[in-house]
Amino acid sequence: MPELPEVESVARSIINARPPLLGSRVVSVDAVWAGVVAGTSPDIFSATLCGRILQGVSRHGKYLFFELISDGHAISVALHLRMTGIVHICAADTAPGRHTRLIIGFDNGRALRFDDPRKFGRVWLVDTPADAIAGLGPDALSVGWEEFRQRLRGSRRQLKTLLLDQSFLAGIGNIYADESLFLAGLHPLRRSESLDDNDVARLYQAVKTVLDEAVGSGGANIDGVFKAGGYLVRVYGREGLPCLKCGSRIEKIRVGQRGTHYCPDCQLA
DNA sequence: CACTCTACCTGTGCGC
DNA sequence: TGCGCACAGGTAGAGT
């Protein structure tokens, strides 16, 4: 699930947690699977966090940041969910699940738990979020039109590949790349330099629309239909089914090793 | 710079 | 029912 909208909904759920996690003190850190901690040892990671107050939560692209202070000095924990990571807030004494990789306990009796079947997700320590996002493009949810246009104009790549490139725009993954291109009526293999300003504007609008919808519903769903009050997948995973706009058969191809879904009639090359 | 391939892991769903 | 295989929402790093 984790693309920008899913990560955003995790951030919001932490910010709005009751009883509040913000302002609570870390009292325990358990790297149930030691490999979840990158860049340092689980012991140092744990020792660095314990006793600190969770001050803030933020997001850039698919990266989540926890700002923790101690004696007025702030550090941050960066978290990337990768393919299958999930964050839960639960009671501090909840037993770890089969795929639980990290548990951070707080003095309010609650815990942040990171579960990840495939063990791709990682946490690490950074001085500031800016350190971790140095190589990333602007956040896809907040990027402005002018910057989007200029960055796209600076590239000569296939649109699908470009949208997935986090150094171009941070936060779009495979699902929302396909959804955005479908909504914009642009073929995934179309070259960015072939777009006119109208095309670029449609793509910008499509990215915004898709992400806004998805954030509003807490993210996409797993099996390609609905999620209660949720985001409706327009093309992703609909190979062989009729296009929602024109009824043509949705095609699936490979672009840069990624499954790519599109309508051959609505999305002209 | 653009692109491809591999690696990292486990779970699921399919064909047989 | 069980086995083997292809595939999966992401990214880093090496190689062409």
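In what follows, chains carry the letters A, B, and so on, assigned in the order in which the sequence lines appear, proteins first and then strands, with residues in each chain numbered from 1.
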Requested in this report: May I have the distance from A/Arg258 (atom CZ) to C/dC7 (atom C1'), rounded to whole angstrom?
Outcome: 12 Å
Query raised in the report: In whole Å, what is the span from the NZ atom of A/Lys62 to the P atom of C/dG9?
Result: 10 Å
Query raised in the report: Whole-Å distance between C/dA8 C1' and A/Asn174 CG?
Result: 9 Å
Restricting to nitrogen or oxygen on both sides, can you table the protein-nucleotides 9-11 of chain B pairs closer than 3.5 Å?
from, atom 1, to, atom 2, distance (Å)
B/dC9, O2, A/Arg118, NE, 2.8
B/dC9, N3, A/Arg118, NH2, 3.4
B/dT10, OP1, A/Lys119, NZ, 3.4
B/dG11, OP1, A/Arg98, NH1, 3.3
B/dG11, OP1, A/His99, NE2, 2.9

Distances under 3.5 Å only, N/O to N/O: pair up the protein atoms with those of nucleotides 1-5 of chain B.
from, atom 1, to, atom 2, distance (Å)
B/dC3, OP1, A/Arg191, NH1, 2.7
B/dC3, OP1, A/Arg191, NH2, 3.1
B/dC3, OP2, A/Arg157, NE, 3.4
B/dC5, OP2, A/Gln257, OE1, 3.0

**Report entry** Separation of C/dG10 P from A/Leu4 CG (nearest whole Å)
**Finding:** 12 Å
Side-chain donor/acceptor pairs under 3.5 Å, residues 135-143 of chain A, sequence neighbours excluded:
from, atom 1, to, atom 2, distance (Å)
A/Asp139, OD1, A/Arg59, NH1, 2.6
A/Asp139, OD1, A/Gly61, N, 2.7
A/Asp139, OD2, A/Arg59, NH2, 3.1
A/Asp139, OD2, A/Leu141, N, 3.0

Query raised in the report: Expressed in whole Å, how much space separates the P atoms belonging to C/dG9 and B/dA2?
Result: 23 Å
**Report entry** C/dG4 and B/dC9, which share atom name P, separated by this distance in whole Å
**Finding:** 23 Å
Query - Charged N-O contact under 4.0 Å between A/Glu67 and A/Arg52 - result: no
**Report entry** Transitive ILVMFWY side-chain link A/Tyr176 to A/Val10, under 4.5 Å
**Finding:** no
Report task. Could you tell me which residues satisfy ring pair (Phe, Tyr, Trp, His ring centres under 6.0 Å) with A/His187, sequence neighbours excluded, listed by chain and number? Result -> A/Tyr262
Query raised in the report: Does A/Arg190 pair with A/Asp199 as a salt bridge, N-O distance under 4.0 Å?
Result: yes
Requested in this report: On DNA chain C, check which nucleotide each of A/Leu136 and A/Arg254 is closest to and give me the residue with the more 5' one.
Outcome: A/Arg254
Query raised in the report: Salt bridge between A/Arg118 and A/Asp116, side-chain N to carboxylate O under 4.0 Å?
Result: no
Query raised in the report: Whole Å only: how far is the CZ atom of A/Phe114 from the P atom of C/dG10?
Result: 14 Å
Query - Check: A/Ser167/A/Asp165 side-chain N/O donor and acceptor closer than 3.5 Å - result: yes
Requested in this report: Report yes if at least one side-chain N or O of A/Tyr176 is closer than 4.0 Å to OP1 or OP2 of C/dG9; otherwise report no.
Outcome: no
Query raised in the report: Are A/Asp197 and A/Arg202 ion-paired here, with the side-chain N under 4.0 Å from a carboxylate O?
Result: no
Query raised in the report: Any Lys/Arg nitrogen of A/Lys245 or A/Asp265 sitting under 4.0 Å from an Asp/Glu carboxylate oxygen of the other?
Result: no
Query - Spacing of A/Ile86 atom CD1 relative to C/dA8 atom C1', expressed in whole Å - result: 14 Å
Requested in this report: Using a 3.5 Å limit on both pairing distances, list the dot-bracket string of DNA chain B from the 5' end; Watson-Crick and G-U wobble pairs count, crossing pairs take [ ], interstrand pairs take |.
Outcome: .|||||||.|||||||
Requested in this report: Starting at atom CE of A/Met83, determine the distance to atom P of C/dG9, rounded to an integer number of angstrom.
Outcome: 6 Å
Query - Over 12 foreign heavy atoms within 6.0 Å of CZ, A/Arg249 - result: yes
**Report entry** Verdict with supporting geometry, A/Asp178 and A/His261, side-chain hydrogen bond (donor to acceptor under 3.5 Å, both in side chains)
**Finding:** CA-CA 6 Å; A/Asp178 284 4; A/His261 313 74; 2.8 Å; yes
Query - Euclidean distance, atom CG of residue A/Asp178 to atom P of C/dG9 [Å, nearest integer] - result: 9 Å
Query raised in the report: Can you list every ring-ring contact (aromatic ring centres under 6.0 Å, His included) pair that touches residues 15-48 of chain A, not counting sequence neighbours?
Result: none
